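Here is the structure we will look at, set down as structure tokens.
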Amino acid sequence: SAPWKTITYALGQISGSGHTLYVASGTYNTTLGETFPIVVKNGVSLVGGGMDVSIIDAGGTNIVLRCAGVVDAMTRVDGFTIKGGSVSGPSSSGGTGIYISAGSALTISNNKITGNTNYVAGLGGGVYITSSTPLILNNVITNNSPGTFGEGAGIYVSSASPLIKGNNIISNISYVSGIYVTGSSSSPRILNNVIAKNKEGGIE
């Protein structure tokens with residue numbers, strides 16, 4: 001009857017694991033009072049009203065979602081449009097839509113990840129994964145860019161072993177567009193995806 005106004009504030013009220021934050025339909029942005037990046041908490045799931053219904057828009061101010069050390073595998077981000085991420089720092093900066101690091105094992109599912117843009121020679125426009133084992137399931141990842149000469153406009157994987165399954169990775173823009181995998185310890189599983197119409201490559 002009296003919902004919290006922003007995701008940022010709501011996460012600040014929740015401690016411990018095993019919680020789910022249900023996010024109503026609408027656009028969550030800086031005008032509303034969101035602060036970016038929104039830091040996903042270990043053990044606290046974010047569940048939106050559905051793709052294109054609950055929209056998280058960073059408006060070009062920062063990374064949209066940052067997931068560092070989210071080691072509780074029950075944690076998930078589900079049912080959002082995640083857009084407007086931007087990083088304007090030095091080259092080789094990572095991830096503008098969703099940044100995943102430090103052993104994170106959460107699930108990213110049923111989202112549209114779109115319109116996120118990295119700096120020139122950036123790494124990962126839509127999703128950046130390093131040293132982690134997340135599940136990336138049934139998302140639409142489209143119209144993201146890591147910048148000119150960047151790598152992995154859709155998904156960038158570095159020294160990580162995600163499961164990337166059932167996604168539509170379409171019409172992303174960069175020199176290596178769909179999925180880019182690097183690092184001798186990387187061991188991703190890439191199953192049953194549609195990877196199409198990316199500017200210069202499907203998987204490298």
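Hydrogens, waters and symmetry mates play no part in the numbers below; they use all other heavy atoms, side chains included. These numbers were taken from a predicted model, which means no experiment stands behind them.
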Partners of Asn116 by side chain to side chain donor-acceptor pair (under 3.5 Å), sequence neighbours excluded?
-> Asn144
Do we see a donor-acceptor contact under 3.5 Å between the side chains of Asn118 and Thr96?
-> no
Under the side chain to side chain donor-acceptor pair (under 3.5 Å) rule, collect the residues that match up with Lys41, sequence neighbours excluded.
-> none
Taking distance alone, no hydrogens or angles, what donor-acceptor pairs closer than 3.5 Å link side-chain atoms of residues 53-69 to residues at least two apart or in another chain?
unit_1	atom_1	unit_2	atom_2	d
Ser54	OG	Val23	O	3.1
Ser54	OG	Ala24	O	3.0
Ser54	OG	Gly49	N	2.8
Asp57	OD1	Gly59	N	2.8
Thr61	OG1	Ala58	O	2.7
Asn62	ND2	Phe36	O	3.4

Do Asn139 and Asn167 get their side chains close enough for a donor-acceptor pair, meaning under 3.5 Å?
-> yes
May I ask you to list the residues sharing a hydrophobic cluster with Met74, side-chain cutoff 4.5 Å, ordered by chain and number?
-> none
Do any N or O atoms from the side chain of Asp72 and from the backbone of Asn42 form a donor-acceptor pair under 3.5 angstrom?
-> no
Hey, does the side chain of Ser161 reach the backbone of Thr133 with a donor-acceptor pair shorter than 3.5 angstrom?
-> no
So which pairs with a foot in residues 178-204 pass ring pair (Phe, Tyr, Trp, His ring centres under 6.0 Å), sequence neighbours left out?
-> Tyr156-Tyr180
Is the backbone of Thr20 close enough, under 3.5 Å, to the side chain of Ser45 for a donor and an acceptor to pair up by distance?
-> no
Sidechain-backbone polar pair: Ser145 side chain, Ile173 backbone, donor-acceptor under 3.5 Å = yes
With sequence neighbours excluded, tell me which residues meet side chain to side chain donor-acceptor pair (under 3.5 Å) with Thr81.
-> Asp52
